Protein chains: 2
Amino acid sequence: MIKRQGLMKKLAAQPLYKQVIREVMTAVEAGEWHDDENLPSEVELGVRFGVSQGTVRKALDSLVNEGVLYRRQGVGTFVAGMNDFLARGLFQPLTGEDGLTPKIELLGCVRIHAGEQLADILGLRRGAALWQVRRLLRVAGNVIGLEEMLLPEAGFPNLDIRRIRELKGNLRELCWRDFGIRLRDGEVRYRAVAASQSEARLLMVDLNEPLLQLVRLARDFEGKPQVWSVAWLKTDTLAFEPAPFA
Amino acid sequence: MIKRQGLMKKLAAQPLYKQVIREVMTAVEAGEWHDDENLPSEVELGVRFGVSQGTVRKALDSLVNEGVLYRRQGVGTFVAGMNDFLARGLFQPLTGEDGLTPKIELLGCVRIHAGEQLADILGLRRGAALWQVRRLLRVAGNVIGLEEMLLPEAGFPNLDIRRIRELKGNLRELCWRDFGIRLRDGEVRYRAVAASQSEARLLMVDLNEPLLQLVRLARDFEGKPQVWSVAWLKTDTLAFEPAPFA
DNA sequence: TTATATCTTTTGTCTTATATAAGACTGTAG
DNA sequence: CTACAGTCTTATATAAGACAAAAGATATAA
């Protein structure tokens with residue numbers, strides 16, 4: 001039961017609906033409800049947290065807005081299946097609204113050490129151990145993207161290639177199921193760059209071919225940087241647009 | 001005064017808050033309140049439309065979310081100054097969070113005829129008259145972007161270079177102030193392309209230099225396509241990210 | 001068996017009451 | 001007269017409760 005605000009003013013209690021957001025979020029992270037399984041009704045949640053349906057509703061509103069949940073009138077509220085960290089947000093193939101679902105192929109996962117710049121970005125000391133994960137994105141068999149991710153080893157101990165392969169590219173799910181880190185979407189930055197030798201080889205394009213580069217820093221819900229990722233995309237046949245929310 | 005829903009069920013009346021959204025939107029479009037001028041209070045608006053404060057609030061919520069309005073607790077609700085059609089959405093210079101405000105330079109505005117493809121996109125017949133507007137984007141004096149817009153002449157009669165120049169790049173404002181067309185943000189598609197001869201010349205880069213290409217189709221609130229625009233950006237020194245909402 | 005009505009559960013909408021925030025105003029100590 | 005602290009006023013923000021609408025599930029009649 002959430003305590004009513006205002007009883008202890010000096011503690012700067014958060015509004016009830018924000019407390020409910022946290023509670024529900026925690027429950028979702030804890031896996032209390034499966035993906036696409038419906039939550040208890042708003043009224044039931046209200047009883048559980050000691051608030052009204054309207055307050056639960058306001059809380060769920062914001063989670064729906066963030067894409068964590070989705071609703072169907074007269075039916076229920078559901079946990080939004082964790083879309084792939086890649087597929088949602090970074091990659092959203094546009095051409096042909098038919099779902100050209102991308103396939104993701106793991107290239108490798110190695111342990112490296114942070115350079116000055118990376119250490120700075122991720123808020124680590126220089127030389128800190130990092131995992132470098134590289135993946136290839138295919139649509140209809142054709143290679144169209146390359147992705148490189150960097151995660152601090154400290155936050156993700158024992159990350160190995162097998163675990164990554166198991167979940168078909170769904171990094172977000174791995175992060176909270178195995179490491180208790182829930183990723184928020186970070187902002188993505190877009191650049192056009194010329195393909196370097198290695199990118200050209202992997203993407204099977206000519207050297208200096210224009211590639212769309214996406215760079216993102218994903219943070220957890222406390223705002224701490226957790227995953228740095230860069231992707232290079234061929235956009236000669238497909239264009240990309242930022243993922244729309246449900 | 002908005003009619004209470006449910007009185008005439010068969011008319012499929014929209015919920016009150018949606019009606020309020022339309023009313024407020026119309027008033028904003030009509031210029032009833034200036035940019036950054038505050039609207040009447042939620043209670044007053046409630047009286048005006050014959051609904052409660054809570055309902056007005058729900059309506060304003062969505063307009064705030066869309067970026068049309070912004071709020072300050074204890075102070076009021078304001079019309080969000082129309083950000084430039086370019087600056088908001090298409091261009092959002094990232095590097096250095098200090099507002100490197102872009103300057104926009106008009107290159108020209110000419111009347112052309114729609115090719116098959118364009119006619120199709122804009123929902124016009126082939127050969128329909130179009131305005132082609134080209135603009136240059138500068139940040140700190142350096143040219144970093146080129147934009148080309150195409151608008152049907154039918155919807156924008158008497159569009160001339162002077163009128164465009166007057167409003168410092170603010171196409172959206174022109175659209176509704178002069179032509180009664182309120183643009184919604186359309187989705188933007190991102191591509192990396194090699195600079196063509198003309199782009200290279202205007203942007204002062206080498207031929208085939210990688211450029212970030214943004215393509216957008218802006219629609220009005222009825223969903224009718226109104227403006228087709230393409231932009232080419234140099235991203236060697238600046239990166240771009242989609243505009244965050246207030 | 002099939003279509004239709006009604007019941008139940010769930011989300012969606014709307015109002016009312018109250019809390020919180022921010023300026024403006026005002027009286028007072030210095 | 002000025003600086004400062006209270007308080008008043010007017011905003012938005014939050015919370016609860018009543019009711020509407022939608023979607024299945026179930027029962028019922030042809």
Side-chain angles (χ1 to χ4, degrees), chain A residues 1-24 33 36-80 246, chain B residues 1-24 33 36-65 68-80 246:
Chain A
M1 166 93 75
I2 291 175
K3 282 218 205 75
R4 181 63 175 278
Q5 72 178 142
L7 295 178
M8 311 179 74
K9 292 200 174 184
K10 290 305 158 202
L11 288 182
Q14 285 218 309
L16 291 181
Y17 78 97
K18 287 191 181 173
Q19 298 177 48
V20 173
I21 290 174
R22 289 197 69 88
E23 298 273 347
V24 173
W33 311 292
D36 299 309
E37 180 189 348
N38 57 352
L39 276 58
S41 76
E42 295 176 351
V43 176
E44 284 179 85
L45 286 174
V47 171
R48 165 162 160 186
F49 299 129
V51 301
S52 73
Q53 179 249 349
T55 301
V56 172
R57 182 167 189 76
K58 178 158 185 172
L60 296 191
D61 275 348
S62 102
L63 292 174
V64 167
N65 220 293
E66 284 203 49
V68 177
L69 306 175
Y70 65 95
R71 281 197 273 229
R72 286 173 55 200
Q73 177 168 0
V75 182
T77 304
F78 308 83
V79 178
Chain B
M1 164 94 78
I2 291 175
K3 283 219 204 74
R4 180 62 176 280
Q5 74 175 144
L7 295 178
M8 311 179 75
K9 291 200 175 185
K10 290 305 158 202
L11 289 182
Q14 285 218 309
L16 291 182
Y17 78 96
K18 287 190 182 173
Q19 297 177 46
V20 172
I21 291 175
R22 289 197 70 87
E23 297 274 345
V24 173
W33 311 291
D36 299 311
E37 181 189 346
N38 58 351
L39 275 58
S41 75
E42 295 178 350
V43 176
E44 283 179 85
L45 286 175
V47 172
R48 164 163 162 187
F49 299 129
V51 301
S52 74
Q53 179 252 349
T55 301
V56 172
R57 183 169 187 74
K58 179 157 185 172
L60 296 191
D61 276 349
S62 103
L63 291 174
V64 166
N65 221 292
V68 177
L69 307 175
Y70 64 95
R71 281 196 273 228
R72 285 175 52 203
Q73 177 167 1
V75 181
T77 304
F78 308 82
V79 178

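Convention: sequence-line order gives letters A, B, ...; per-chain numbering from 1. Just so you know, these numbers come straight off a predicted model, no measurement behind them.
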5' to 3', nucleotides 4-11 of chain C under a 4.0 Å protein heavy-atom cut-off (B base, S sugar-phosphate only, - none) gives -----BBB

Expressed in angstrom and rounded to an integer, what is the separation of [X] atom [atom1] from [N] atom [atom2]?
X	N	atom1	atom2	result
K18(A)	dT14(D)	NZ	C1'	11 Å
L16(B)	dA18(D)	CG	C1'	15 Å
L45(B)	dA13(D)	CG	C1'	16 Å
F49(A)	dA15(D)	CZ	P	14 Å
K58(A)	dG17(D)	NZ	P	17 Å

When rounded to the nearest 0.5 angstrom, what distance separates [atom1] in [X] from [atom2] in [Y]?
X	Y	atom1	atom2	result
F78(A)	R72(A)	CZ	CZ	5.5 Å
S41(A)	Q53(A)	OG	CD	8.5 Å
L39(B)	R48(B)	CG	CZ	8.5 Å
T55(A)	I21(A)	OG1	CD1	11.0 Å

Inter-end axis angle, the helix from dT1(C)-dA30(D) to dG30(C)-dC1(D), with every axis fitted to five base pairs (rounded, 10 degrees):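 End-to-end axis angle: 0°.
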
Any side-chain heavy-atom pair from V51(A) and Y17(A) closer than 4.5 angstrom?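 No, too far: nothing below the 4.5 Å cut-off.
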
So, do L45(A) and E42(A) sit near enough that their side-chain heavy atoms are less than 4.5 Å apart?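 No; the side chains remain at least 4.5 Å from each other.
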
Look at the side chain of Y17(B) and decide which nucleotide, out of dA15(D), dT13(C), dT16(C), has an atom nearest to it.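 Nucleotide nearest to Y17(B)'s side chain: dT13(C).
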
For the student: nearest non-hydrogen atoms of V79(B) and L69(B), plus distance: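 V79(B) and L69(B) have their closest heavy atoms at CA-CD2, 3.9 Å.
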
Run Q19(B) and L16(B) through side chain to side chain contact (heavy atoms under 4.5 Å, CB included) and show every step you take. CA-CA 5 Å; Q19(B) 297 177 46; L16(B) 291 182; 3.9 Å; yes

Can you find a side chain N or O atom of T55(B) that sits less than 4.0 Å from OP1 or OP2 on dT15(C)?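 For T55(B), the contact criterion (side-chain N or O under 4.0 Å from OP1 or OP2 of dT15(C)) is met.
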
